[in-house]
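In listed order, ligands and their atoms are each counted from 1. Residue numbers count from 1 along this sequence.
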Amino acid sequence: MLPTVLALAALAATSIASPFHDKRWDNLKVKHEWVQTPKHWIEVGPAPTESKIHLRIGLKQHGFDELVKHLYEVSDPSHSRYGAHLSKEDVDTLVAPHPDSTALTDSWLLHHGIQPSSCHRSSSGDWLTVPVTIEQAERMLGTKYRIYQHDITDEQIVRAMSYSLPEDLHNHINVVTPTTYFSTMKAMKATHRIMPEITSLDDDHALQSQIAQPGGLATVPASCSTTITPTCLRALYNTSTYVPQATDVNVLGVAGYLDEFANHADLQTFFSRFRTDAVGADFTVVQVNGGGNDQTDPGVEANLDIQYTEGMSFPTPNVYFSTGGSPPFVADDNTPTNTNEPYLDFLGFLLNQTTVPQTLTTSYGDDEQTVPFDFAQAVCNDFAQLGARGTSIMFSSGDDGVGGSDCLTNDGTNRVLFQPNFPASCPFVTTVGGTIRVAPEVAVSFSGGGFSRYFAQPSYQASAVDSFLAGLGDTFSGLFNATGRAYPDVAAQGQGFQVILGGRTISVGGTSASSPTFAGVVSLLNDFQLANGKSPLGFLNPLLYGQGTAGLNDIVSGNNPGCGTTGFSAGVGWDPVTGLGTPDFGKLQNLLP
Ligand SMILES: *[C@@H]1O[C@H](CO)[C@@H](O)[C@H](O)[C@H]1NC(C)=O
Ligand SMILES: *[C@@H]1O[C@H](CO)[C@@H](O)[C@H](O)[C@H]1NC(C)=O
Ligand SMILES: *[C@@H]1O[C@H](CO)[C@@H](O)[C@H](O)[C@H]1NC(C)=O
């Protein structure tokens with residue numbers, strides 16, 4: 001008898017002392033779910049339950065609203081704190097989770113047999129990385145992981161159609177990944193297009209020698225209407241006489257993702273043909289999370305980005321961030337491990353640095369509706385932090401006008417709606433649309449533009465956007481969300497860019513060209529501020545929609561068709577094709593705070 005009694009007593013003691021029978025963790029409530037398998041992905045089988053994945057848990061950032069308040073104060077030229085950007089420690093304090101959020105999450109992990117001390121935490125504690133098996137993740141999140149294959153790229157990923165969290169955690173956890181965000185680095189669209197119909201230039205030495213003379217070019221050469229080189233852009237955007245001074249501190253960063261490598265030899269060829277004074281200058285590469293740097297495999301997107309940021313900002317130091325993260329995928333190994341989330345990997349890395357680049361450009365994006373709201377919000381919140389730290393963040397607006405392909409919604413109703421792009425639709429970045437031709441510049445037809453369905457209109461753009469909406473009247477009513485964050489904010493050339501790839505010149509277009517161009521101009525403005533002992537510009541939009549508007553060339557014609565419509569039209573003032581317009585460096589320089 002005795003042994004049994006002892007055993008029972010021991011059992012009772014365990015069940016009281018351990019959290020294993022805490023019912024609260026059984027009450028699961030859906031956090032995000034898709035009603036249909038995301039377009040282009042085909043389910044090919046269950047995920048191997050013993051495979052390991054790293055769950056990334058984003059805890060609610062306790063002082064996030066206050067962080068946004070700081071962001072707007074330090075970015076508003078009329079505020080006394082303008083330019084007083086936050087340090088890493090300041091931001092960490094604001095985004096740290098409430099101790100209750102950490103404690104509850106830890107006890108949920110313990111309930112599932114995971115030691116909280118085995119998790120990797122971001123320095124403020126807002127992101128937890130938890131190594132688990134698929135089986136463990138399925139139990140924790142009340143879901144089933146499956147292998148999905150992309151119908152065009154054949155890439156395989158492990159994702160879920162939905163995930164849940166205990167109801168008590170919904171107010172403490174913002175997002176868990178990888179779960180329902182299906183896009184991956186390779187499927188994420190780089191927004192360039194190769195244009196074989198445009199004859200490439202051998203060089204533009206004649207134009208370069210003209211621009212080098214006192215007075216420069218009286219007018220922008222007519223050739224710039226079809227073929228763009230840095231000489232065209234420097235003349236057009238009024239940067240050609242500026243000599244950067246703050247090159248010891250100023251940095252221009254280019255965000256690149258898996259399989260896109262910027263080539264050093266191609267950059268030298270580019271300089272020898274299109275910016276001879278820069279021959280010998282080079283960029284540095286920072287490899288994030290296993291990102292590659294294969295110099296035998298130059299990427300169009302990477303070369304376009306780096307050749308034009310360098311071409312505009314020389315001799316400012318440029319950094320190419322190559323973000324990777326997945327072990328090489330072996331096609332015959334039935335354990336796909338691509339569970340990465342590239343934006344989060346890169347932003348987590350950057351926000352963990354004590355110094356951040358003053359200017360950053362990214363030419364990737366997705367249809368907003370394909371990015372789960374909780375995931376999009378987590379990424380957008382990271383951009384707010386980077387802006388508060390003093391980085392000016394540029395994104396391409398997308399290459400599908402108001403929406404690509406069929407524009408059908410993925411919520412089960414199959415309606416045609418304009419399809420905004422993300423991260424272009426995040427209110428904390430500066431989104432760049434595209435133009436063509438010179439004298440006058442006009443909107444390029446593919447220029448992505450529209451209104452977010454996730455993020456509300458920020459106050460900095462209310463007056464500019466409301467004027468546009470008043471003029472638009474009922475046109476396209478119901479196809480877009482008039483109360484959403486509107487974009488693009490600005491524009492720059494987007495067609496006929498001369499790019500060196502593998503030693504050959506090709507013509508490339510897309511808002512992928514516009515974003516690095518605009519970032520090049522911003523980097524020179526940051527140089528000017530730093531050389532004068534001022535802070536870098538940081539988050540640009542409050543400046544651009546305020547006094548900065550006078551330093552932009554308003555683009556007043558062209559439109560961006562899509563979804564079976566002619567799209568929006570460019571006109572006087574802000575419009576969802578070219579935003580406030582293209583930069584005039586000289587004018588912007590004169591009106592900076
Ligand atoms: C942040 O940087 C520190 C110091 O370089 C490093 O030890 C830590 O692992 C980094 N944390 C993350 C989340 O990357
Ligand atoms: C419109 O945008 C707001 C954010 O401003 C969002 O809350 C709302 O759900 C959106 N409406 C539609 C119909 O997409
Ligand atoms: C170019 O910049 C200069 C100042 O550097 C300014 O006077 C001029 O108005 C700007 N714009 C044009 C089109 O020249």
Check your understanding: So which protein heavy atom does atom 8 (C) of ligand 2 come closest to, and at what separation?
Key -> N481 ND2, 3.7 Å
Review point. Can you name the nearest heavy-atom pair linking S523 to N250, along with the distance?
Key: O-ND2, 3.0 Å
Review point. Side chains of Y545 and D489: do they bring a donor and an acceptor to under 3.5 Å?
Key: yes
Exercise for review: Using distance alone, decide if ligand 2 has a nitrogen or oxygen within less than 3.5 Å of any nitrogen or oxygen in Y454.
Suggested key: no
Point to revise | Test ring-ring contact (aromatic ring centres under 6.0 Å, His included) applied to F375 and F182, F422, Y181, Y343, the passing residue | key: Y181
**Study point:** Atoms in ligand 2 with a heavy atom of A456 nearer than 4.0 Å
**Key:** 4 (C), 5 (O)
Review point. Does the N or O separation between D584 and ligand 3 drop below 3.5 Å for any pair?
Key: yes
Practice item. Check ligand 2 against T483 and write out every atom of the ligand that is under 4.0 Å from a heavy-atom position of the residue. Key: 1 (C), 2 (O), 3 (C), 5 (O)
Check your understanding: What's the shortest heavy-atom distance between L591 and G551, and which atoms?
Key -> CD2-N, 3.7 Å
Check your understanding: Can you tell me which residue and heavy atom of the protein come closest to atom 7 (O) of ligand 3, and the distance to 0.1 Å?
Key -> N590 ND2, 4.9 Å
Review point. Between N352 and ligand 1, does any nitrogen or oxygen pair lie at a separation below 3.5 Å?
Key: yes
Review point. Are any of the protein's heavy atoms under 4.0 angstrom from atom 1 (C) of ligand 1, yes or no?
Key: yes
Study note, to complete from the structure: N238 heavy atoms within 4.0 Å reach ligand 3 at atoms 1 (C), 2 (O), 3 (C), 8 (C), 10 (C), 11 (N), 12 (C), 14 (O)
Exercise for review: Just need the protein heavy atom nearest to atom 6 (C) of ligand 2, so name the residue and atom and give the distance.
Suggested key: R453 O, 3.8 Å
Exercise for review: Nearest 0.5 Å please: distance from the CZ atom of F451 over to the CZ atom of F476.
Suggested key: 11.0 Å
**Study point:** Residues D90 and T93: side-chain donor-acceptor under 3.5 angstrom
**Key:** no
Exercise for review: Would you please say whether a donor-acceptor pair under 3.5 Å links the side chains of H32 and T180?
Suggested key: yes
Check your understanding: Would you say the side-chain atoms of Y454 and N481 include a donor-acceptor pair closer than 3.5 Å?
Key -> no
Review point. Considering only protein heavy atoms, which is closest to atom 9 (O) of ligand 3, and at what distance to one decimal place?
Key: K587 CE, 3.9 Å
Review point. In terms of side-chain heavy atoms, does T435 have a donor or acceptor partner in E441 at a distance below 3.5 Å?
Key: yes
Review point. Which heavy atom of the protein is the closest neighbour of atom 5 (O) of ligand 3, given with residue, atom name and distance?
Key: G586 CA, 3.8 Å
Check your understanding: Within less than 4.0 angstrom of ligand 1, does H120 place any heavy atom?
Key -> yes
